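Residue numbering restarts at 1 for every chain, and letters A, B, ... go by the order of the sequence lines. Please read all numbers here as calculations on a predicted model, not as lab measurements.
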Amino acid sequence: MRAFAYARPTSLEEALDVLKRPGALPLAGGTDLTTLLKDEVIEPEMLVSLADVADLRGVEHRGSVVHIGAMTPLAELIESADELGLDAVTQAAREIRAPQMLSVGTVGGELCQRPRCWYFRSGFGLLAMQGGRSMVPEGDNRYHAILGSGPAYFVNPSSLAPALSALGARVVVASTQGERRVLIEDLYQVPLREDQSEFSLADGELVVAVEVPTPDGPSGAVSSSYEVRPRTTLDWPLATASVAVTTDSANVVTRAKVVLGHVAPRPWVDLGAGEALVGRELDASAAAGAGAAAASGAKPLSKNAYKVRLAQVATKRAVLKLAAREETA
Amino acid sequence: MADYSWPAPGTHQTLGRRLSRLDGPVKATGAAKYSYDKALPGMLHGKMLTCPHAHARIVALDVSGARSMPGVRAVRVIQDVGSEIQWAHDEIVAVAAVSEDIARDALRAVRVEYEVLEHYVIEEDPNGTFEKKEPQERSQGDPDAGFASATTVVERELAIPQIAHMCLEAHGQVAEWQGDEVTVWASTQGVSTLPQQFVDGGLETKAANVRIRCDYMGGGFGAKFSPDRWGIVGAQLAKDAGAPVKMFLDRDQEVAVAGSRPSTFAKIRAGATADGKLVAWESETWGSGGRPGTGAVPVPYVFNVPNQRKKHTSVPTHLQSSRAWRAPNHPQACFLTMATLDDVAAELAMDPLDFVLANLELTGRFEATYREQLEIAAERTGWRERWRPRTEFDDGPLQRGLGLSLHTWGGRGHQSRCDVAVNPDGSVEARIGTQDLGTGTRTVIAMVLAETFGLEIDQVTVRMGDSRFPQSGPSGGSSTVGGVTGSTRRAAMDALREVFTRVAPMLEAEPETLVARGGRIEVDGDSTRSMTWQEAASRIGAVAVTVGGRNPGRGKLNDSGVGGVQIADVTVDIETGVTRVNKLLAIQDCGLVVNEKLAESQIYSGLIMGVGYALFEELIADPHSGRLLNADMEFYRLAGIGDVGTLEAVLMQGPEHQERGVIGLGEPPVISPGAALSNAVANAIGHRVPRLPMTPERVLETLMAAEAAEALEEKA
Ligand SMILES: Cc1cc2nc3c(=O)[nH]c(=O)nc-3n(C[C@H](O)[C@H](O)[C@H](O)COP(=O)(O)OP(=O)(O)OC[C@H]3O[C@@H](n4cnc5c(N)ncnc54)[C@H](O)[C@@H]3O)c2cc1C
């Protein structure tokens with residue numbers, strides 16, 4: 001870890017002001033950031049702790065949206081999301097199975113955590129370029145992307161992003177220039193060059209909140225997430241799927257959004273799987289149909305063909321959870 | 001001549017009891033200080049610069065930037081210009097500084113230029129190696145005739161990868177000099193053997209001047225027998241700087257250089273007759289333990305198949321040299337053998353339990369033990385009711401399976417010396433140059449003292465973990481418990497006899513008629529003539545009675561050779577490939593059980609490690625950079641408590657076992673889990689997952705390959 005300057009502003013305005021400085025990075029719970037520093041993957045000039053910016057913390061209803069402050073700890077998010085019926089979010093967040101991570105990690109930090117790609121974490125860069133070629137296709141790519149067209153093969157690590165994206169959530173991004181809102185999936189971009197970021201944030205921009213349409217509102221949806229994980233202990237999923245649907249009075253799906261995780265550099269909005277659900281009753285056959293439609297066009301690398309199947313199974317099972325919910329309702 | 005023995009079966013006072021380990025409370029509260037926790041006044045922090053390349057030559061090296069950095073107290077070049085580096089993370093330069101951060105800054109200020117050389121790290125394809133080794137071939141009987149007589153022949157390709165030791169306490173030590181003498185607080189499996197090794201390793205002093213201490217130890221598993229480069233250089237830096245130096249490896253170094261278990265890849269053929277008798281075995285194996293390659297593992301394991309042909313090729317790679325890993329070579333051999341046998345049974349449409357029973361005469365010395373263990377195991381798991389052939393499935397994605405495996409181990413006590421002192425105030429103390437790896441050695445020694453003197457365990461003191469105490473062997477090969485109980489028992493019996501001699505006149509008895517029991521010394525069979533232990537001790541004079549004992553020695557106190565049977569019960573989700581362990585059952589003999597609770601703990605720990613290497617653990621090297629991609633605890637997955645299922649340990653006890661004396665137990669329980677779990681998964685999903693660990697991707701790949709093969713067949 002190299003020396004860095006440290007700031008601990010007490011207001012959002014002050015925070016945005018310091019974040020303007022070149023080489024400044026926000027520090028939330030620090031669970032990912034400190035690892036990146038220790039491994040010398042990143043070398044920021046300055047860390048700006050958000051711990052004392054009270055405005056950034058908390059979950060509340062604001063009109064037709066649930067407003068989730070970026071500094072809300074994951075444990076608090078789980079409680080609120082559970083009460084609010086944001087099931088896809090609750091289910092995804094609960095899978096981060098370490099009390100320490102849940103009480104220290106934050107919503108903003110979870111969304112903005114860096115990829116776990118082992119080439120990136122070993123210091124080979126986001127694109128793992130060596131002599132003009134990516135090391136990933138010929139290297140060990142068992143956990144890498146199956147969707148997307150390169151040259152980035154890392155997968156987006158966030159568990160919340162697919163769930164929030166399925167629910168149509170937006171992130172509120174702020175800088176000294178003002179505020180803007182973008183769909184969760186558009187917080188991420190696929191870097192094409194080594195000097196590009198995997199986030200669509202401009203220098204000095206901060207994620208201040210997430211806004212999720214309320215489930216009981218007009219655009220309200222029921223949702224679920226399913227993750228395939230090797231272990232029961234704190235671990236990374238191999239593939240995830242989050243599904244949100246609205247149904248009419250006959251239990252027929254009128255709108256559906258399926259978002260896959262751990263299959264591409266961004267949360268993968270799976271249009272095909274979503275379409276497969278529309279017009280169908282939520283049942284086992286609809287689940288199977290959505291599963292079969294998921295991850296179409298996947299181009300697995302040498303060691304990750306299995307992920308195509310996992311993405312499909314995750315999709316199917318996320319829908320099955322919804323079907324089971326309908327049954328008991 | 002004095003006779004040494006354990007009390008007759010049925011007459012034990014302390015042995016065999018379920019006592020909690022003495023150091024449990026201090027470990028649970030954090031009061032126990034491991035070598036890693038040692039903090040001395042003025043202590044410096046040592047760090048090492050390591051090579052980022054798997055194979056390279058150092059062409060230029062400049063440490064002046066590190067030397068001149070404020071806060072840096074000593075710098076040592078470990079490998080200089082011209083050295084050829086053979087694996088990534090090999091050590092180049094060491095520094096000692098007033099803080100860890102300054103030490104790291106100093107390493108960044110070192111300039112090294114490498115000529116990068118070609119490397120080879122993926123031994124799966126043995127032809128790629130840079131150093132072809134002659135294969136070793138062995139055969140017995142008439143393999144061709146054996147296969148000719150077989151009605152069923154199974155061919156398999158199986159593999160078990162290199163894995164790490166992943167000790168929670170990293171390798172390292174704190175070294176402090178006082179004049180010419182150095183004390184090293186090491187995390188070690190051999191306090192008594194380390195002093196000479198420090199000198200052999202290049203430390204400029206005499207072995208007599210090196211004192212090793214290790215009060216508590218956070219895991220070794222076979223990786224911590226030597227001072228290693230960091231030990232030597234750490235002590236050298238301390239000497240140079242004139243201050244104590246703490247040097248422990250970072251986790252990535254720990255994984256990359258401080259221990260691995262060799263891999264084995266195998267092509268196996270096994271043949272059996274229609275009545276289920278194994279008649280022929282042929283195997284071609286290769287594998288790597290890093291730069292030196294690796295020898296053959298003992299296949300076929302446990303079953304001495306009459307006709308065999310075996311060929312093994314050692315494959316050197318540019319990875320660290322492997323080290324002994326809990327039961328060296330046995331888990332690999334066990335997996336290769338038991339998986340193959342299980343597949344032969346499946347091919348014969350036989351219950352694997354029947355198949356094993358049909359071939360039990362091939363197991364030799366432990367046939368009867370295995371037979372008894374198999375009976376217990378089958379009964380405990382309801383095998384006869386619950387086992388079903390691989391061809392039968394449940395509805396839905398969750399499939400349940402049972403798997404079986406057998407193993408064997410030696411476990412004879414090592415050389416050990418122990419001094420036992422009885423003080424006039426009645427306190428009893430053992431001094432022994434051994435170490436407690438977390439296995440309960442301290443508690444076991446205390447129990448032998450308590451048993452011998454007729455005292456409670458809290459009335460005796462064990463001093464250990466110091467090379468100034470009488471020498472005891474390093475803890476390897478499950479040899480410690482036999483060794484230390486042997487030396488302690490002999491010393492304690494002699495000390496007690498000495499006490500008897502001194503107090504016998506007061507009880508108007510011959511010393512030979514006295515016994516120590518329940519805190520008293522009494523005439524055997526006449527409790528009216530007795531005195532308390534305290535009183536007896538007070539009569540020995542002003543000076544303690546101190547007696548040395550050793551192992552091996554007269555009298556049968558320990559033995560070698562055990563058998564074990566394990567059964568795994570799993571549920572596999574055939575859509576996700578995720579395997580969950582429902583239960584692992586271990587039936588184990590180990591002679592005289594000193595402490596039932598600690599013995600069970602040893603078995604549990606073996607099973608937990610076994611689940612780890614069966615389902616999760618694997619060192620993953622990058623072909624391009626030659627570096628490990630998962631030298632961490634994130635993608636080098638260890639089993640978590642929720643992943644191991646229900647663990648059940650059954651110890652074989654009773655007079656016939658007790659009469660054998662003490663036998664080591666640390667290693668045998670870790671041998672079978674890989675095989676038993678592999679067999680259980682095969683039983684659940686209908687196909688062999690050919691490689692450990694059985695990660696979801698491997699399970700799915702196996703199923704997808706089987707589906708593809710079936711689709712092809714349907715077409716044809
Ligand atoms: C073994 C292991 C398994 C894990 N498994 C999972 C898992 O399954 N799913 C999962 O989602 N996570 C998992 N995690 C990761 C964990 O969830 C994240 O580390 C945590 O959520 C990050 O939150 P933080 O507040 O600590 O972020 P920090 O570490 O403080 O920050 C992370 C990054 O986000 C940036 N950042 C923080 N806040 C903001 C903001 N408001 N605006 C812009 N940028 C910001 C920081 O600059 C930094 O780059 C796992 C971690 C480990 C070690």
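The residue among B:Arg698, B:Glu697, B:His624 with the most heavy atom pairs within less than 4.5 Å of chain A is B:Glu697. Considering only heavy-atom pairs separated by less than 4.5 Å from chain B, the leading option among A:Lys303, A:Arg317, A:Glu40, A:Lys316 is A:Arg317. The most heavy-atom pairs under 4.5 Å with chain A, out of B:Glu634, B:Arg637, B:Arg627, come from B:Arg637.
Smallest separation of non-hydrogen atoms from A:Thr232 and B:Asp643: N-OD1, 2.7 Å. Among all heavy-atom pairs drawn from B:Ser625 and A:Phe124, the shortest one is CB-CZ, 3.6 Å. Heavy-atom minimum distance, A:Gly139 versus B:Pro623: CA-CG, 4.0 Å. A:Ser122 and B:Leu629 make their closest contact through OG-CD2, 4.4 Å (heavy atoms, listed as atom of the first residue, atom of the second, distance).
Between A:Lys38 and B:Arg104 there is no side-chain heavy-atom pair separated by less than 4.5 Å. The shortest side-chain heavy-atom distance between B:Leu615 and A:Arg231 does not fall under the 4.5 Å cut-off. In this structure, A:Asp140 and B:Asp622 have side chains that are not in contact, with every pair of non-hydrogen atoms separated by 4.5 Å or more.
For B:Asp573, the part lying under 4.5 angstrom from a heavy atom of chain A is the side chain only. The contact between B:Leu700 and chain A is made entirely by side chain atoms (from C-beta outward), counting heavy-atom distances below 4.5 Å. Residue B:Asp101 does not touch chain A at all, counting heavy-atom pairs closer than 4.5 Å. Using a 4.5 Å cut-off between heavy atoms, A:Asp235 contacts chain B through its side chain alone, with no backbone atom that close. For B:Thr695, no part lies near chain A; criterion is any non-hydrogen pair under 4.5 Å.
At most 12 non-hydrogen atoms from other residues, nucleotides or ligands lie less than 6.0 angstrom from OH of B:Tyr36. Heavy atoms from other residues, nucleotides or ligands lying under 6.0 Å from CZ of A:Arg2 number more than 12. Annotation: A:Glu138, atom CD; neighbour count of heavy atoms from other residues, nucleotides and ligands within 6.0 Å does not exceed 12.
With rounding to the nearest 0.5 Å, the separation of CG in B:Asp252 from CG in A:Asp39 is 7.0 Å.
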Side chain to side chain contact (heavy atoms under 4.5 Å, CB included) assessment of B:Asp632 paired with A:Arg121:
CA-CA 11 Å; B:Asp632 52 44; A:Arg121 298 270 166 170; over 6 Å; no
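Under the side-chain contact (heavy atoms from CB on, under 4.5 Å) criterion, A:Ala7 pairs with A:Pro9, A:Val18, A:Met46, not counting sequence neighbours.
Taking the six-membered ring for Trp and thresholds of 30 and 60 degrees, A:Trp118 and B:Phe635 have ring planes more than 60 degrees apart, a perpendicular arrangement.
For A:Arg309 (side chain) and B:Glu701 (main-chain N/O), no donor-acceptor pair under 3.5 Å exists by modelled atom type.
Residues of residues 91-106 of chain A placed with any heavy atom under 4.5 Å of a heavy atom in chain B are absent; none qualify.
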